[in-house]
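Right, one structure below, let's go through it.
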Amino acid sequence: MIPMLKREFGLLLLVSCLILASVPTALCQSPAPTVYVAGDGSGDFNCDGKDDHVQINQALKFVAANSEYTTVHLKGPFTYSINDTLLIGSNTILEGDSTAVIKLVDHAGWVTMKPLIQQMSNSGNSNIVIRGFEVNANHDGNTEFAKGKGYYNVMYFLYCNNVTVCDMYMHDGHGDGLRIKYGKNIKFYNNTIYKLGHDGLFAIQCQNVEAWNNIITCRTNSGLRIWNSNDVKLHDNLIDSFYHWSAGGPGIQVEKSSGAMDDIEIYNNMINNTYGPGIWLFNYDTSATKDEGKNVYIHNNIFYDTGTNPSITWVGGILGSGFHDTLIENNVFDSAYNVAIVSMSPEGFFSNYTSEYTTIVRNNIIVNTQKRTKSPSGTGYGIANYLPETHSFEIAYNCLYNNSAGNYKDCTSKADIHIRPLFVDQENHDYHLQSRGGSWNGETWVKYKVSSPCIDTGYPSSDYSNEPEDNGNRINIGRYGNTIYASKSKH
């Protein structure tokens with residue numbers, strides 16, 4: 001009976017494959033959850049380096065229509081040349097070898113907002129994963145269009161939930177890496193982004209967004225950007241800019257024009273050499289109360305050499321306006337241009353605020369702030385308030401030292417110290433604190449003759465439990481405890 005059943009099952013499978021003429025024979029012979037696309041003839045769908053979007057879309061359509069399949073895998077090494085958008089459906093993984101490259105053709109001539117990868121349904125899809133391969137958005141082959149105008153975004157999803165983009169290398173483009181609007185449950189991690197033409201991640205009116213462990217070199221705009229989005233965590237990213245007249249804006253941009261933004265956390269990032277400010281918070285929602293834009297929590301980040309742009313004045317470490325009860329604590333700012341922490345609105349942007357907004361600044365180290373390049377006179381403060389009629393600071397238990405114009409502009413401190421903080425290796429951007437008991441330099445323990453004055457001198461009510469023993473029963477000022485920093489929750 002068993003051999004006969006096997007024959008009958010084989011005949012049924014063969015008939016099914018003949019009926020479904022679009023199904024590759026290899027899939028009919030060996031059912032599996034993964035469909036392979038290749039450039040060497042070994043795939044279930046095979047490409048030749050020209051109009052490869054056709055075969056990739058056939059594979060994606062097959063997976064979307066057959067629930068027993070989950071994954072389209074791009075085999076490498078191969079460069080898949082596309083001249084149309086790849087369409088991905090629900091419950092689908094689009095993945096590839098690290099040597100698999102999606103490349104936009106030269107002179108594609110697409111309309112604005114037509115991306116390289118998009119959801120299959122106009123009403124949205126869910127449970128989408130894109131991971132593991134390279135996308136060359138081919139900026140230099142498509143110079144007919146300007147950067148930052150919506151051309152050739154790598155991905156653009158609308159009304160999509162449960163979207164994960166990870167382990168990707170996206171580079172040399174005109175637009176965003178992942179642009180997503182009206183989405184929920186977005187995860188963006190372990191990606192390398194180099195010289196795209198707009199934002200690495202741009203989440204618009206989204207909920208539950210997390211971005212971490214990305215390495216981003218900005219061109220034209222931001223590394224990470226959220227607009228009218230909430231329940232957001234941006235952490236453990238490395239963000240910088242390349243130095244060029246077109247090199248763009250902030251490392252991280254938080255922007256509000258409507259709705260509630262009251263659950264935003266930004267922590268453990270290394271942000272350096274950005275063309276614009278390290279972080280820019282900007283609220284131009286005139287219809288809402290200040291309680292709808294509040295409680296942004298920025299902690300345990302490192303900023304150095306932020307704000308290099310020679311053509312604008314709105315540069316610095318953290319630049320903010322229109323957000324209430326922003327808490328900025330336990331960060332390090334070294335050699336920021338203009339101001340390390342500042343309340344200001346860029347020239348030409350909204351500044352007609354009527355509510356009163358408070359920013360809390362504590363346990364930070366701010367050193368070596370330098371004059372900005374454009375209109376440098378009167379710049380170089382540690383902390384400054386250029387919106388004193390509507391904005392104020394609560395400043396305490398920070399360490400400010402060697403800031404070129406002084407420590408404060410139109411603001412005052414209750415309990416700061418003004419002394420050299422004694423970092424382990426400031427020249428190489430190791431901002432651990434020197435300790436006579438021993439400090440970790442990344443490789444070994446080193447004992448110093450003098451301990452940093454920032455050890456055990458932070459805000460008395462701050463939670464110090466994540467600092468290792470002996471922690472002195474009081475938090476340190478700066479990014480680190482005596483040794484390696486362990487993440488902490490808001491307090």
Side-chain angles (χ1 to χ4, degrees), residues 147-148 154 165-173 175-180 186-203 209-227 229 232-244 246-255 264-282 296-309 312 314-320 328 330-338 340-341 364 428-431 479 485 487:
K147 296 180 287 294
V154 176
V165 176
C166 62
D167 301 301
M168 295 289 291
Y169 175 35
M170 297 178 276
H171 61 95
D172 296 288
D176 302 308
L178 169 60
R179 184 184 185 107
I180 183 163
I186 315 304
K187 296 185 183 300
F188 188 79
Y189 63 94
N190 293 349
N191 300 292
T192 298
I193 297 170
Y194 183 71
K195 291 171 62 174
L196 293 179
H198 201 235
D199 305 306
L201 164 66
F202 189 7
V209 179
E210 185 173 10
W212 73 97
N213 288 347
N214 300 289
I215 301 173
I216 304 174
T217 296
C218 302
R219 171 164 70 177
T220 309
N221 214 57
S222 309
L224 303 171
R225 182 180 178 186
I226 58 171
W227 182 13
S229 297
V232 175
K233 295 183 185 298
L234 309 175
H235 61 96
D236 297 283
N237 300 285
L238 302 177
I239 303 175
D240 64 8
S241 297
F242 81 117
Y243 193 84
H244 186 263
S246 66
I252 295 175
Q253 183 169 332
V254 178
E255 181 179 357
I264 314 295
E265 187 175 8
I266 303 171
Y267 60 101
N268 288 7
N269 300 287
M270 175 82 78
I271 303 174
N272 67 93
N273 294 287
T274 52
Y275 220 44
I279 297 176
W280 182 24
L281 311 174
F282 183 41
V296 177
Y297 185 31
I298 303 173
H299 65 98
N300 297 94
N301 303 282
I302 291 174
F303 304 81
Y304 67 86
D305 297 320
T306 52
T308 63
N309 194 325
I312 61 175
W314 50 285
V315 295
I318 298 175
L319 185 150
I328 302 172
N330 288 101
N331 303 282
V332 171
F333 301 85
D334 183 9
S335 303
Y337 289 83
N338 186 34
I341 301 173
N364 302 283
N428 291 304
H429 310 296
D430 182 348
Y431 297 102
R479 163 69 171 80
Y485 169 76
S487 63

Go through the structure and list residues passing side chain to side chain contact (heavy atoms under 4.5 Å, CB included) with [X], not counting sequence neighbours.
X: T274; value: S241, I271, T306
X: L196; value: V154, M170, I193
X: D167; value: N190

Please name all residues satisfying side chain to side chain donor-acceptor pair (under 3.5 Å) with [X], sequence neighbours left out, ordered by chain then number.
X: K233; value: E265
X: N338; value: R372
X: D172; value: none
X: T192; value: none

Given side chain to side chain contact (heavy atoms under 4.5 Å, CB included), test F242 with R219 step by step and report yes or no.
-> CA-CA 7 Å; F242 81 117; R219 171 164 70 177; 3.5 Å; yes
Listed by chain and number, what are the ring-ring contact (aromatic ring centres under 6.0 Å, His included) partners of [X], not counting sequence neighbours?
X: F282; answer: W280, Y284, F349
X: H235; answer: W212, Y267
X: F202; answer: H198

Looking at every heavy atom in both [X] and [Y], which two are closest together, and how far apart are they?
X: Q253; Y: S222; value: OE1-OG, 3.0 Å
X: P277; Y: W314; value: CD-O, 3.4 Å
X: G316; Y: A336; value: C-CB, 4.3 Å
X: Y275; Y: V315; value: O-CG1, 3.9 Å
X: Y337; Y: T308; value: CE1-CG2, 3.8 Å

Please determine which of N213, N301, N269, N191 meets the side-chain hydrogen bond (donor to acceptor under 3.5 Å, both in side chains) test together with N237.
-> N269
State the [atom1]-[atom2] distance between [X] and [Y], to the nearest 0.5 angstrom.
X: C218; Y: I252; atom1: SG; atom2: CD1; answer: 9.5 Å
X: H429; Y: I302; atom1: NE2; atom2: CD1; answer: 10.0 Å
X: R479; Y: M270; atom1: CZ; atom2: CE; answer: 8.0 Å
X: D199; Y: I226; atom1: CG; atom2: CD1; answer: 11.5 Å
X: N214; Y: M168; atom1: CG; atom2: CE; answer: 12.0 Å
X: I215; Y: Y169; atom1: CD1; atom2: OH; answer: 11.0 Å

Applying side-chain hydrogen bond (donor to acceptor under 3.5 Å, both in side chains), run through N364 and N331 and close with a yes or a no.
-> CA-CA 5 Å; N364 302 283; N331 303 282; 3.0 Å; yes
Do [X] and [Y] have side chains that get closer than 4.5 Å, going by heavy atoms?
X: L201; Y: V209; result: yes
X: N273; Y: Y304; result: yes
X: I266; Y: L224; result: no

Side chain N221, main chain G148, donor-acceptor under 3.5 Å | no
Go through the structure and list residues passing salt bridge (Lys or Arg N to Asp or Glu O under 4.0 Å) with D334, not counting sequence neighbours.
-> none
Got a sec, which pairs hit salt bridge (Lys or Arg N to Asp or Glu O under 4.0 Å) with one end in residues 296-305, sequence neighbours left out?
-> none
